[in-house]
Participant: 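Supplied in C-alpha cells, the structure appears directly below.
Only this structure's heavy atoms are used, side chains among them; waters, hydrogens and symmetry mates stay out.
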Amino acid sequence: MRHAQGPLLTIDLSERSATTTPIDERVAEFVGGRGLNTALAYDRIPFDADPLGPENRLYLSTGPMQYSTTSFTGRMAATALSPLTNGLCSSNAGGFLSRNVTGAGYAAVEIVGESDELLAVHVREIGDDGEPDVTFELVPDLEQAEVSSVSDRFTESHGLSAEHVACIGPAGENGVRFASIMTSDTRAFGRGGLGAVLGAKGVKAITFDGDTEHAIDLDWPDEAATVHREAATSDSIMKRQGTASVTELANEVGALPSYYFSETDFDGAEGISGDRVEEKKYKKGTCSQCAFACKLPTRDEETGVETEGPEFETVMAFGSNAGVDDIVDVMRANERCDELGMDTISCGDVVSMFLESEDEFGNAELVQSIVEQIAYREGVGDKLAEGVHRAHEEFGADDWTVKGLPFSGHDGRHLNGQGLAFATSNRGADHMYGEFYPYEYPLVDPDEALDPTGLEGKPPMLVEKENRNAVLDSAIVCKFSRGIVTDDDLAALLDADYGDLLALGARIVERERAFNNARGFDRDDDTLPYADDIAGFEAALSEYYALRGWNDDGTVSDRDADRGATGGEASADD
C-alpha cells in the first residue's frame, strides 16, 4: 500500500528544539494524513489533556497522493484535541501548502509544548543527514495581525508566499474556540478550533519550504492520468459555482437550515444562490495540481468586497440561518472570517443564535459587527467566542450542536440518513465526515436518489461511506472527486485491495472513537436535537454500532490494546 514518506518531525516549543523520529510502522499501517495523525495522537496525547494546555499536541501531515501530480490532491490534514468539542478532531484544508510540507521531507509534523512569547516556526528541507532545519522567530510585530498581513510579512522577510504559510489570525490568539488555521490566505483548517490550539501554544505561524526527493520515487498507475484528464474535462457545475450550486436544491427539498434552525427553507434563497455567487466570480481558482478548479474567487465591484467563496456552508451559516438574503453580505462575512481566522460555519451559527435572541434576523450590519467582536472577544463577542454549546443557555437558545460542533447544512430533518451521519460522526455535526447527503439528494438522477425519509438500509451504507472518507483523508484525496475517482481508481492509486482500504478506514474511525471514549464520550453523545422525530433512529444507531463491532453504548472494547506502539508514551512529561 502506498503511504507517506519520511520521519516524524517533533517541534518542542517549550525547549525551542526540533527532533526526528522514525515512524515507518505507523506510516505503513495508516498511510498518511488523517489516519497517521490519528494514530500518532492516540499514541502520544494524554487522554486527560486540556485542549488549550501544553500537553495537547497538534499534528500536520500529507499523504502519498501529494507526491503525485494528479488532480484532487492539493490537501493536507491537521489533528489535535478540539477546544470546541473536547474530543479528537481532524480538519482538512486545500490550497498549496501540502506540496511545500511534502517538499520538506517529513511524513508528519508534531507541535508540542508552548511558548510564552509569540513565535513563527520555519521548517526547511530535511538535511541529507536526516537532521531537521527548523528555526524559531519571535514575532511581536505580528500580535493580533490579520491573516493576509502575516503572509505579507513572510513574503517580505523570508521570500515565502502565502502558499508556504499556515497561520492564525486574531481569533486564534484570543482563544476563540472555533478559530481556524489558515493557509494560502483563504483556505482553512476550519472545523474544531485548531487555530485556538496554535494560539494557546504561542504560535502565530508555521512556514514550510523545500523540494526534497527523499524516498519519493513512487510510480503511479494509468489511473492517475485518467483522473487528471477527467477532472480537466468534466462539465460539473461545481467548476462555476462551487458547492453553492446546491443552495436552491437544498431549499426546494427542505434541507436548508434557516433562522437559526427554526425552519428548513428560506424565502430569500435566490439572493444567495449559486447563480449569485457565479455572477461575482471573476477568475478561476484551484488547489495544487488540480484541474477541476472549483474554487470561487469573487468580487463585488460596487462595494469592493473581494473574497474566495462563499461556499454552500457559508451561504447557509451567514445567509439563510441568519436571515440574510444578499450574497454580498455573505461575501463580506466570509472575507472577515478568513482574515480574522474563524470557521465560517461555527461563527455563522453562533451569530445566528445571537440574532434570534435579539430578534434581529436579516440585520447584516449587526452580523458584521458581531463577527469582529467575537474575534477580539469584545463585548458580547466574548461569550459568543465560546461557541453555541457553551453559550446557548445564556441567550435562551436551543443547542444546535452534536458533540459541541455546530451543524453544517444539508439538514437531517429532511435528509434522515445525513441526520444519522451527523450523530455518529466522531467530529460532531459535520457534513463531510459521513457525507451521506449525496445519496439522498436528487443531484443527478432523481430516480437514483434514496428516499430521504427514514433510516432503513442506511447504516451499512453509512459505515462504508465513513470508512471510505477516512481513506480519502489519509491518501489525501479531495472528497469532491466523487464521480471521478472510483473505488477501483482509489485502490489502484494506493496500490491496495479496496476491501483492505475499507478496513483501514474502519481502523481510523475506531481509533478516533476509542480516544473520545477515553474522554467520556459514549452513545449519549451520538444524538440530535431532532432525534425523536426520525423514525427508527435508536434502532439504526444500534445497528451502526453492531456493524462496527462496538458496544451498544457507543464504546469500543479493548481501546488501550496498542497504545504507545511507536514508543511515544502518553504522559504529560513526554
Participant: Quick one: do the Arg34 and Thr79 side chains pair a donor with an acceptor below 3.5 Å?
Facilitator: no
Participant: List the atom of Gly6, the atom of Ile23, and the distance in Å for their closest heavy-atom pair.
Facilitator: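 That closest heavy-atom pairing would be O-CG1, 4.2 Å.
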Participant: Between Ser151 (side chain only) and Asp185 (backbone N and O only), is there a donor and an acceptor less than 3.5 Å apart?
Facilitator: no
Participant: Would a 4.5 Å heavy-atom cut-off, applied to side chains only, mark Val371 and Arg336 as touching?
Facilitator: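 The answer is yes; the side chains approach within 4.5 Å.
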Participant: Search all heavy atoms of Gly33 against all heavy atoms of Ile476 and return the closest pair with its distance.
Facilitator: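 Shortest heavy-atom contact: CA-CD1, 3.9 Å.
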Participant: Are any of the side-chain heavy atoms of Asn334 and Phe318 separated by less than 4.5 Å?
Facilitator: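 Asn334 vs Phe318: side chains apart.
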Participant: Do the non-hydrogen side-chain atoms of Asn92 and Met76 ever get within less than 4.5 Å of each other?
Facilitator: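 No, their side chains stay 4.5 Å or more apart.
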Participant: Do Phe480 and Cys294 have side chains that get closer than 4.5 Å, going by heavy atoms?
Facilitator: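 Yes, side chains in contact.
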Participant: Between Phe292 and Phe72, what is the ring plane arrangement, given parallel below 30°, perpendicular above 60°, and tilted in between?
Facilitator: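 Ring orientation, 0 to 90° scale: tilted.
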Participant: Within a strict 4.5 Å, meaning less than it, do heavy atoms of the Met342 and Ile374 side chains meet?
Facilitator: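 Yes, at least one pair of side-chain atoms sits under 4.5 Å.
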Participant: We want to know whether Asn37 and Ser61 form a side-chain donor-acceptor pair, criterion being a heavy-atom distance below 3.5 angstrom.
Facilitator: yes
Participant: Side chains of Ser346 and Asp349 only: does a donor on one sit below 3.5 Å from an acceptor on the other?
Facilitator: no
Participant: Quickly, which of Thr20, Val109, Val112, Val134 forms a side-chain contact (heavy atoms from CB on, under 4.5 Å) with Thr10? Name it, please.
Facilitator: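 That would be Val112; it is the only one of Thr20, Val109, Val112, Val134 passing the side-chain contact (heavy atoms from CB on, under 4.5 Å) with Thr10.
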Participant: Looking only at atom types and distance, does a side-chain atom of Thr70 sit under 3.5 Å from a main-chain N or O of Ala224, one as donor and one as acceptor?
Facilitator: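 At least one qualifying donor-acceptor pair exists.
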Participant: Test of understanding: with side-chain hydrogen bond (donor to acceptor under 3.5 Å, both in side chains), list the residues that count as partners of Thr243, not counting sequence neighbours.
Facilitator: Glu311
Participant: To the nearest 0.5 Å, tell me how far Cys347 SG sits from Ile345 CD1.
Facilitator: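 Output value for this atom pair is 11.5 Å.
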Participant: Glu306: what forms a side-chain hydrogen bond (donor to acceptor under 3.5 Å, both in side chains) with it, not counting sequence neighbours?
Facilitator: Tyr282, Arg299
Participant: Could you tell me if Glu512 and Tyr433 have a donor-acceptor pair between their side chains, going purely by distance under 3.5 Å?
Facilitator: yes
Participant: Measuring from atom CG of Leu340 to atom CD of Glu372, what distance do you get when rounded to the nearest 0.5 angstrom?
Facilitator: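 CD of Glu372 is found 5.0 Å from CG of Leu340.
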Participant: Test your reading of the model: is there a side-chain donor-acceptor pair from Thr298 to the backbone of Glu308, 3.5 Å cut-off?
Facilitator: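 No, because the side chain of Thr298 does not come within donor-acceptor range (under 3.5 Å) of the backbone of Glu308.
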Participant: Just by distance, with hydrogens left out, do His164 and Thr207 show a side-chain donor and acceptor under 3.5 Å apart?
Facilitator: no
Participant: Has Arg511 got a side-chain atom pairing as donor or acceptor with Ala39's backbone, closer than 3.5 angstrom?
Facilitator: no
Participant: Determine yes or no for a side-chain-to-main-chain donor-acceptor pair under 3.5 angstrom, with Asp12 supplying the side chain and Arg16 the backbone.
Facilitator: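 No, Asp12 side chain to Arg16 backbone: no donor-acceptor pair under 3.5 Å.
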Participant: Between Thr307 and Gly309, is there a donor-acceptor pair closer than 3.5 Å when you use the side chain of the first and the backbone of the second?
Facilitator: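 Judged by distance alone, no pair lies under 3.5 Å.
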Participant: Main chain of Asn426, side chain of Arg513: is a donor-acceptor contact present, judged purely on distance under 3.5 Å?
Facilitator: no
Participant: Does a donor on one side chain sit under 3.5 Å from an acceptor on the other, for Asn174 and Gln144?
Facilitator: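 Looking only at side-chain atoms, Gln144 and Asn174 do form a donor-acceptor pair, the distance falling under 3.5 Å.
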Participant: Testing the 3.5 Å rule here: is there a donor-acceptor pair between the side chains of Thr135 and Arg124?
Facilitator: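 Their side chains do contain a donor-acceptor pair, which is all the 3.5 Å distance test asks for.
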Participant: Does a side-chain heavy-atom distance below 4.5 Å link Met182 with Ile168?
Facilitator: no
Participant: Working to the nearest 0.5 angstrom, can you tell me the gap between Leu97 CG and Thr62 OG1?
Facilitator: 9.5 Å
Participant: Does Lys239 use its side chain to pair, donor to acceptor, with the backbone of Ala232 at less than 3.5 Å?
Facilitator: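 Side chain of Lys239 to backbone of Ala232, a donor-acceptor pair under 3.5 Å: yes, one is there.
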Participant: Can you confirm whether Leu13 sits close enough to Phe136 that some side-chain heavy atom of one is under 4.5 Å from a side-chain heavy atom of the other?
Facilitator: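 Yes, at least one pair of side-chain atoms sits under 4.5 Å.
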Participant: Do Ser115 and Glu117 meet the criterion of a side-chain donor-acceptor pair at a distance under 3.5 Å?
Facilitator: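 Ser115 vs Glu117: no donor-acceptor pair found between side chains.
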Participant: With no hydrogens and no angle check, is any side-chain donor or acceptor of Lys201 less than 3.5 Å from a backbone partner on Leu52?
Facilitator: no
Participant: Would you check, one step at a time, whether the test ring pair (Phe, Tyr, Trp, His ring centres under 6.0 Å) holds for His122 with Phe154?
Facilitator: CA-CA 10 Å; His122 303 293; Phe154 293 120; 5.4 Å; yes
Participant: Under a 3.5 Å distance rule, please check whether Arg99 uses its side chain to pair with a backbone N or O of Gln66 as donor and acceptor.
Facilitator: yes
